[in-house]
A.B. asks: 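Before I ask anything, let me first share the structure, which is written out below as structure tokens.
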Protein chains: 2
Amino acid sequence: MQKQTFLTKNQQIVLNLVEKSSQPLKAYSILFNVQKKGIKAPLQVYRALDRLVEIGKIHKIESRNAFIACQDSSCQISKATAFSICESCEKVTEINNSKLSKYLKNFKDNSGMKYSKYNLEFFGVCKKCKNK
Amino acid sequence: MQKQTFLTKNQQIVLNLVEKSSQPLKAYSILFNVQKKGIKAPLQVYRALDRLVEIGKIHKIESRNAFIACQDSSCQISKATAFSICESCEKVTEINNSKLSKYLKNFKDNSGMKYSKYNLEFFGVCKKCKNK
DNA sequence: TAATGTTTTGTTATATTATAACAATGTGTA
DNA sequence: TACACATTGTTATAATATAACAAAACATTA
Ligand SMILES: [Zn+2]
Ligand SMILES: [Zn+2]
Ligand SMILES: [Zn+2]
Ligand SMILES: [Zn+2]
């Protein structure tokens, strides 16, 4: 049997929820919200999340331990992610900027190490919050 | 009483340990290693870590939940951090590259949000591991 | 279609990471 | 000294994540 190319039932349930949310969701909040769909245990959620992250459908916001749906179709291939995070309202937005991604993909430091992946998190105060 | 400008005893103990380590340390591994110095509880470690991160003496590697001593004196001011992480041996190195930091500090996306801080984590396989 | 090997799932238990709450102690200032 | 407040110690608990293993689902092919 080959590794799945489609989404399994649990993965689809989790993805649907994460995609409906405008903001990152925590694993246990996801669990709570999918219990009526038959997902009962943390591991079922974490397994679905792991796979969804692996195939680029969602991303983990590492500084928040939370998960957000991908808003940029190229992520499935590139493994290159960037986010802006408002430290006041916690709004998170995926940054889709080709210049930035080009710059970072080509970045080489002097260690001679080749990077296959990066994650960038910007922090600040969003427009909305600043005008309050 | 003003907020301290020096390091308190616990902070110094934790910092000493983290600085001695060439690699990121986890909070509970720090706790285990400073118990002979009189630090008994997780919260004592986390409080010290929080402050040390705040003043830029150490950084948290978010994707690893681990802490590493700052290897770049400008971090105390800039709140701009970048790391390379080997996914094979887990070696972490702070990237100190003025072009990169300049580029990222000046980066503006089209949301009109002003960033005061960023954290960037590059992943790959280090030279050593590649030659194995 | 039955046997086989593999992936995915369900389930229980447990490990790991981090914070809440509050009393006690220390320290600078008036 | 009296006050304000920062820091510490302590216990308990919350939040995040994984280990282990049996059961079920599914593709392959005999
Ligand atoms: Zn994406
Ligand atoms: Zn905001
Ligand atoms: Zn630094
Ligand atoms: Zn390596």
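Source: prediction; values computed, not measured. In what follows, chains are A, B, ... by sequence order, proteins preceding strands, each numbered from 1.
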A.B. asks: Using a cut-off of strictly less than 4.0 Å, decide whether B/Thr8 has a side-chain nitrogen or oxygen near OP1 or OP2 of D/dT8.
C.D. replies: yes

A.B. asks: Round to a whole Å and report the spacing from OH of B/Tyr46 to P of D/dA12.
C.D. replies: 19 Å

A.B. asks: Whole-Å distance between C/dT12 P and A/Leu31 CG?
C.D. replies: 14 Å

A.B. asks: Students often mix this up, so state it plainly: with edges at 30° and 60°, are the rings of A/Tyr103 and B/Tyr103 parallel, tilted or perpendicular?
C.D. replies: parallel

A.B. asks: Quickly work out the A/Asp50 CG to C/dT7 C1' distance and round it to whole Å.
C.D. replies: 15 Å

A.B. asks: Would you mind telling me which residue lines up with the more 5' stretch of DNA chain C, A/Leu43 or A/Tyr28, judged by nearest nucleotide?
C.D. replies: A/Leu43

A.B. asks: Please tell me if A/Arg47 has a side-chain N or O lying less than 4.0 Å from either OP1 or OP2 of C/dG10.
C.D. replies: no

A.B. asks: Whole angstroms only, please: what is the NZ-P distance between A/Lys37 and C/dG10?
C.D. replies: 15 Å

A.B. asks: What is the distance, to the nearest angstrom, from the CZ atom on A/Phe6 to the P atom on D/dC26?
C.D. replies: 8 Å

A.B. asks: Hey, is B/Glu19 close enough to B/Lys57 for a salt bridge, meaning N to O under 4.0 Å?
C.D. replies: no

A.B. asks: Looking only at side-chain atoms of A/Ala41, point me to the closest of D/dT16, D/dA17, C/dT12.
C.D. replies: C/dT12

A.B. asks: Rounded to whole angstroms, how far apart are CD on B/Gln44 and C1' on C/dA18?
C.D. replies: 15 Å

A.B. asks: If only side-chain N and O atoms of B/Lys60 are considered, is one of them under 4.0 Å from the OP1 or OP2 phosphate oxygen of C/dA18?
C.D. replies: yes

A.B. asks: Kindly assign one of parallel, tilted or perpendicular to the pair B/Phe107 and B/Tyr115, based on the angle between their ring planes and the thresholds 30° and 60°.
C.D. replies: parallel

A.B. asks: Starting from P on C/dT11, measure out to CG on A/Asn10 and report it in whole angstrom.
C.D. replies: 11 Å

A.B. asks: Does A/Asn65 have a side-chain nitrogen or oxygen under 4.0 Å from the phosphate oxygens OP1 or OP2 of C/dA18?
C.D. replies: no

A.B. asks: Could you check whether the rings of A/Tyr118 and B/Phe122 sit parallel, tilted or perpendicular, using 30° and 60° as the cut-offs?
C.D. replies: perpendicular

A.B. asks: OP1 or OP2 of D/dT10 less than 4.0 angstrom from a side-chain nitrogen or oxygen of B/Lys40, does that happen here?
C.D. replies: yes

A.B. asks: Rounded to whole angstroms, how far apart are CD1 on A/Ile13 and C1' on C/dT9?
C.D. replies: 12 Å

A.B. asks: Ion pair present between B/Glu121 and B/Arg64, side-chain N to carboxylate O less than 4.0 angstrom?
C.D. replies: no

